[in-house]
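First up is the structure itself, then whatever we jot down about it.
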Amino acid sequence: MTDITLKIREIATRLLQSDQVDVFVGWEKGPQEYQTRPFFVRRVEDVEKLVFNEYSIHNLTNYLLKYRDSTDRVGLVVKGCDSRGIVRLLQDNQFKRNRLYIVGVCCPGIKDPLKIAKNQSGLACPPNNEEIADKCTRCLVPNPIIYDELLGESQEPHNSGERFSEIKTIENMDPNQRYQFFEDTLTQCIRCYACRQVCVACNCRTCIFDEMKPQWVGRENSTTDNMMYHLVKAMHMAGRCIECGECERVCPVNIPLMLINSKLVKDMDHFFGSYEAGMEYVEGQKPPLSVYNPDDPDDFI
Amino acid sequence: MQVIDKNKIVPLLDRLSKQSEVFVPTVKGSESGFYSWNSLNGAKEIALEALNVYHSPKNVLFPQTERMYSIEQGKQVFSIPDTFQDEKSRIIFGIRACDAKAITCFDDVFLTHGYEDSFYATRRKNTIIIGNACYQPGANCFCSSMGINPVQPDADVVIHDAGTVYAWEAITVTGQQFTEQVQDLLEEKDLGLPQLKPFSTEFDYDGVVEKLQGMFDHEIWHELAEPCMNCGTCTYMCPSCHCFDIQVKIWGDKGYRFRCWDSCMYTEYTAEAGGGNPRPDSQDRFRNRFLHKLEFFTERYDYPLCTGCGRCISVCPNGINIIDIIKRIKEVDKIV
């Protein structure tokens, strides 16, 4: 990964010096060994701080939303999963391709700094796995889909076992059992909205959960309002979730959010497929739920 | 010195929970927090010997959602049939100094400076706090730098881990009365207390407030705020963050008003009825959080709103570290 770091620095220097980008988004090392974190370079002097290492887990495409309304040209580093986020933003007309310089990295699988931080915090909790992050164990797309420059050697997907096997287990539960499962899971939610904030598919200018007139979803921390929050969020994810797994990773109360999102990925493919969000970028092409087709299936309504 | 044998902690909690709701640091599944002793089924995994629990006990005195009063719309009149005052007696058992100091912050916010929050006051009046002295600071702990003595929590009684027993120290009058009730479980013993282990992070907080007073428009905020995505994780996990919103639920002509935690990280937090928003950008909200913690609160109450528990450092998805930020603020030379 040192090679990749050096190449990223080289590219960032070149882009900044030749005034091709205004900001270059990558990672820097934080105070702790494991605390690699997003880093924003505007001056060539800071390029030396850029790193790509085993903890470069964050999906940086989410930060493009911060530059949505500016004229800044942005260089950024993406892994395979992250690159699908760029496709989604382009499809949603949230960003112009010509304002982007995409450095793709073939991803060898990443460790989750949050898990290590929790393990080392001393706070009482069962120990977390410090090896490859949970989201990487479901990885189907280690190699970037869209890029201007590609770094690293092509990787095989890191997933193992049958895709959607956990979803099938839940589908096979009887309705009461399934309701109980989701009630137990979602009552833990503290409604911090980290899952929304970290999500690149959540790019609405005013989120439905922030709407006050009318207020669509109550702000009580109760089973009803929590379920409503997660149901509405899930519905909005249909056809948009790129399975980067960031929502689940950042959840401070360990809600298995990817179970919900994967079910939608599976259903989207089944009803409107074959389709997987953000798997290819064709200018002007719209995802299935962004267009109306008279033949759209409606048996499930 | 009075002590309680560690084997007597469970019988003590069992007894206390017959009269009061007792909140004890425990592990529950993949989480840990101050859970009500009676609500825990099966084996109760007490976490008194751990550094701390993941969720602070702020929920006990300041619930995330709290009903305030019910409302009813009649033909001509509008009535308030009930106001909800929670008078249940509570015990927070085994709180660490950082989290106890956060309750002191709440006391100042909700009970002083000319306004008393009746909902908080009622709950607080009926709560006894048993502190658990902390001799082994963790990797992200920095309470000592924020002016807190980890072995002397703000509490009615403080217990000190001394091997097979806890030394029992009644601090307040309430603490002495409480001690009398459990006297039969205590015994006299001569023992030495452990030595406080050194903190991995210590810094001099002096001067930070004065520095921040001239830094509102400093360019450093842009750089510090850039990685922040404005999720509310830090604010909700923080033991001392106490912002709330008041909202209403109505079905037909009946409903209730409630308050719920709010977070300065959200756009909606400062949304004004007229459509304006004084903190439109992510950076404005980020700066406000740190200025409130480190400057505004001190200006009003004479001590910072951060108690150095380090939870925000462990949970921030993007590695934002308040110790780092304080250090960066201290390094800023030029005042803009």
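Note that these values count all heavy atoms, side chains included, but never hydrogens, waters or copies made by symmetry. Lettering of chains follows the sequences in order, A, B, ..., and the numbering in each one begins at 1.
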Q. Is it the backbone or the side chain of A:P252 that comes under 4.5 Å from a heavy atom of chain B, or both, or neither?
A. both
Q.
Please rank B:A271, B:A139, B:G138, B:S32 by heavy-atom pairs under 4.5 Å with chain A and give me the top one.
A. B:S32
Q) Is a side-chain donor or acceptor of A:Y63 paired with a backbone partner of B:P227 at a separation under 3.5 angstrom? A) yes
Q. Do we see a donor-acceptor contact under 3.5 Å between the side chains of B:N140 and A:S121?
A. no
Q: Flag the pair B:Y236 / A:C192 as yes when at least one side-chain heavy-atom distance between them is below 4.5 Å, and no otherwise.
A: yes
Q.
With heavy-atom distances below 4.5 Å as the criterion, would you say the side chains of A:R37 and B:N318 are in contact?
A. no
Q | Heavy-atom pairs under 4.5 Å with chain A, option from B:Q64, B:E226, B:E268 with the top count | A | B:E226
Q) How about A:E220 and B:R67: do any of their side-chain heavy atoms sit closer than 4.5 Å? A) yes
Q) Heavy atoms, side chains only, cut-off 4.5 Å: are A:V253 and B:H55 in contact? A) yes
Q.
When you compare the side chain of B:K28 with that of A:Q188, does any pair of heavy atoms fall below 4.5 Å?
A. no
Q. With only heavy atoms counted, which part of B:C141 is less than 4.5 Å from chain A, the side chain, the backbone, both or neither?
A. neither
**Q.** 4.5 Å side-chain heavy-atom contact, B:H222 and A:R42
**A.** yes
